[in-house]
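Each remark here refers to the structure printed beneath this line.
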Amino acid sequence: MLQTLSQPPSRNLAEHLLAWYDRHHRELPWRVSPAAAKAGKRADPYHIWLSEVMLQQTTVQAVKPYFAKFLTLWPTVGELAAGPVEDVMAAWAGLGYYARARNLKKCADAVATLHGGVFPDTEDGLRSLPGIGDYTSAAVAAIAFNRQAAVMDGNVERVISRLYAIDSPLPGSKPTMKAKVALLTPADRPGDFAQAMMDLGATICTPKRPACALCPLREDCLAFAEHDPERFPVKAKKKDRPVRLGAAFVAVTPEGEVLLRRRVETGLLGGMTEVPTTAWTARIDGGDTAEHAPFEAAWEPCGTIIHVFTHFELRLAVFRARTEKSPADGWWEPVENLEAQALPTVMKKVITQALPLAFAKNPN
DNA sequence: AACGCGGGGAT
DNA sequence: ATCCCAGCGTT
């Protein structure tokens with residue numbers, strides 16, 4: 001015991017956490033369990049990369065079905081690189097942060113053409129690829145390639161800030177916290193250590209009502225000693241969310257086709273598909289919101305939808321019209337094909353408001 | 001360093 | 001209502 005007590009606490013802590021991880025880790029589709037790893041199974045870098053990009057600011061539960069769909073459509077990074085970006089956008093529709101999908105395709109192209117179809121196996125090499133930043137490069141390097149990289153995401157920030165009772169606010173304290181993680185990360189099993197920290201943050205060291213009684217790091221935790229773990233991490237307060245208004249137009253032909261457009265590649269919902277809308281502004285000029293419709297028709301108001309984005313709330317008045325194919329930007333898509341389009345959630349809300357059965361399994 | 005960028009689940 | 005989620009790229 002004297003030996004144990006005289007060891008650096010960081011080494012003790014990592015071993016303690018890994019022992020907890022061996023018993024309590026979550027089973028995830030892209031994860032190689034410690035038992036399987038001991039039997040010689042290795043993580044597939046393509047699977048780890050794909051899952052990590054999907055998991056950026058996105059919950060495990062939301063990612064699972066998309067991860068399965070992508071592996072079915074594109075079993076290897078080479079097949080993903082060979083496919084058209086439009087198919088990737090359509091498959092990504094609903095998952096959000098669509099720049100990730102464009103960069104996912106760019107990254108697959110770079111791996112295929114610049115790296116012979118094999119992912120770089122170092123943190124720096126990965127960091128140079130599109131859509132891979134500080135977190136994802138460290139995570140893939142550690143989990144897929146067993147590199148001693150310091151992995152820090154929102155979960156780890158919370159664990160570290162509590163462990164050391166860090167009072168300075170995020171994001172300014174991030175370098176300090178990353179240095180702490182680097183000191184804790186073991187040369188042996190760095191990937192499991194990273195996943196253990198994230199599992200701990202996701203299941204025990206939660207934002208609200210953390211289960212400290214079950215925490216393997218309780219004895220080392222300064223926030224627990226203070227009896228107020230929820231005080232951490234300290235964050236700068238965020239701005240309030242403004243409201244933007246606009247109108248959306250769902251035009252339907254007698255043949256059951258809907259007018260669609262493609263949004264510009266950059267910015268909000270970049271490269272995704274939409275129905276025509278007015279600009280989204282703070283106020284709607286006058287009361288006649290149908291005046292900016294894509295063409296003259298008997299536009300019929302059919303209610304308003306509300307959609308909340310990260311930095312503003314959008315309220316769209318929805319208009320519907322039965323019409324012949326009128327000259328307009330975009331294309332006319334049969335209703336039964338809408339499910340296969342790259343329609344973000346806000347546009348599915350608009351279309352459903354105008355055509356309640358548009359996305360039903362049997363539209364009749 | 002600050003900001004833009006989705007969508008959904010938990011509280 | 002509010003917070004948060006295995007963050008990244010741009011300015």
Side-chain angles (χ1 to χ4, degrees), chain A residues 25-26 28-31 47-67 89 92-104 106-107 126-144 149-159 169-175 178 181 191-203 205-210 230 233 235-242 244 263-272 274 306-314 342-349:
Chain A
H25 70 87
R26 297 186 288 175
L28 298 173
W30 46 86
R31 175 176 285 178
H47 294 186
I48 301 302
W49 163 73
L50 178 62
S51 67
E52 292 299 348
V53 173
M54 288 181 168
L55 286 162
Q56 291 165 7
Q57 291 293 288
T58 308
T59 56
V60 166
Q61 183 174 344
V63 163
K64 280 181 179 175
Y66 284 87
F67 180 77
M89 302 303 290
W92 196 276
L95 198 54
Y97 285 149
Y98 298 99
R100 292 187 294 173
R102 295 193 297 276
N103 285 330
L104 189 82
K106 286 183 192 170
C107 184
L126 291 159
R127 182 69 174 77
S128 70
L129 292 167
I132 298 185
D134 289 340
Y135 163 75
T136 305
S137 58
V140 175
I143 298 169
V151 176
M152 203 174 64
D153 72 330
N155 289 303
V156 179
E157 285 176 358
R158 189 168 53 254
V159 172
L170 283 167
S173 56
K174 200 168 170 178
K178 178 136 184 172
V181 177
D192 282 349
F193 175 79
Q195 295 176 94
M197 290 285 280
M198 294 189 282
D199 273 18
L200 189 71
T203 63
C205 195
T206 49
K208 304 295 181 188
R209 297 169 55 89
E230 286 189 25
K235 294 191 177 186
K237 73 175 199 298
K238 50 193 70 170
K239 305 188 304 187
D240 55 355
R241 191 167 12 231
R244 294 190 201 174
R263 294 176 61 86
V264 296
E265 288 300 310
T266 57
L268 184 72
L269 307 177
M272 300 296 284
E274 66 174 3
I306 298 176
H307 188 78
V308 180
F309 292 97
T310 304
H311 53 297
F312 66 93
E313 174 181 316
L314 178 63
L343 288 165
T345 296
V346 61
M347 289 302 152
K348 290 190 174 179
K349 283 187 191 176

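Values in this document were obtained by computation on a predicted structure and should not be read as measured data. Chain letters run A, B, ... following the sequence lines, proteins first, then strands; residues in each count from 1.
- Electrostatic pairing of A/R241 and A/E313 does not count as a salt bridge here, judged by no charged N lying under 4.0 Å from a carboxylate O.
- Of the candidates C/dC8, C/dC4, B/dG7, the closest approach to any side-chain atom of A/D134 belongs to C/dC8.
- Note on A/R26: a base of the nucleic acid sits closer than 4.0 angstrom, heavy atoms only.
- A residue-by-residue look at A/R127 and A/E52 shows that A/E52 has its nearest nucleotide of DNA chain C further toward the 5' end.
- The shortest distance between the side-chain N/O atoms of A/Q57 and the OP1/OP2 oxygens of C/dG7 is below 4.0 Å.
- When heavy atoms are screened at a 4.0 angstrom cut-off, A/P171 is found touching no nucleic acid atom at all.
- Separating the CG atom of A/N103 from the P atom of C/dT10 is a distance of 8 Å, rounded to the nearest angstrom.
- No hydrogens or angles were tested; on distance alone, nothing pairs the side chain of A/T310 with the base of B/dG4 as donor and acceptor under 3.5 Å.
- Judged by distance alone with a 3.5 Å cut-off, no donor-acceptor contact links the side chain of A/Y135 to the base of C/dG7.
- In this structure, the nucleotide among C/dA6, C/dG7, C/dC4 sitting nearest to the side chain of A/K238 is C/dC4.
- One interatomic measurement links the two molecules: CZ of A/R100 to P of C/dG7, which rounds to 9 Å at whole-angstrom precision.
- No engagement by A/L200 is indicated, since no non-hydrogen atom pair under 4.0 Å with the nucleic acid exists.
- Taking every side-chain heavy atom of A/Q56 into account, C/dG7 is the closest of B/dC5, C/dC4, C/dG7.
- One interatomic measurement links the two molecules: CG of A/L104 to P of C/dG7, which rounds to 16 Å at whole-angstrom precision.
- For A/T59 and B/dG8, the shortest distance from a side-chain N or O to OP1 or OP2 is not below 4.0 Å.
- One can place NZ of A/K349 at 10 Å from C1' of B/dG8, the figure rounded to the nearest angstrom.
- As judged by a 4.0 angstrom heavy-atom cut-off over every strand, A/I132 is placed among residues touching the sugar-phosphate backbone only.
- The shortest distance between side-chain heavy atoms of A/L314 and A/F309 falls below 4.5 Å.
- At whole-Å resolution of the value, CG in A/L269 and P in B/dC5 are 9 Å apart.
- Between A/L170 and A/E157 there is a side-chain heavy-atom pair separated by less than 4.5 Å.
- With DNA chain B read from its 5' end, the first of the two nearest nucleotides for A/V308 and A/K239 is the one closest to A/K239.
- Counting any heavy atom pair closer than 4.0 Å across all strands shown, A/G94 reaches sugar-phosphate atoms only and no base atom.
- Minimum atom distance to the side chain of A/D153 is reached by C/dG7, of the listed C/dG7, C/dC4, B/dG7.
- The side chain of A/T136 has C/dC8 as its nearest neighbour among B/dG6, C/dC8, C/dC4.
- A/W92 comes within contact range of no nucleotide atom at all, as no heavy-atom separation falls under 4.0 Å.
- Between the base of B/dG6 and the side chain of A/T58 there is a donor-acceptor pair shorter than 3.5 Å.
- In the displayed structure, A/K178 atom NZ is contacted under 6.0 Å by more than 12 heavy atoms of other residues, nucleotides or ligands.
- Within the 4.0 angstrom heavy-atom criterion, no nucleotide atom of any strand lies near A/S51.
- Among the atoms of the strands shown, none is found under 4.0 Å from any heavy atom of A/R102.
- Residue A/V60 has its side chain nearest to C/dA6 when only C/dA6, C/dC5, C/dC8 are considered.
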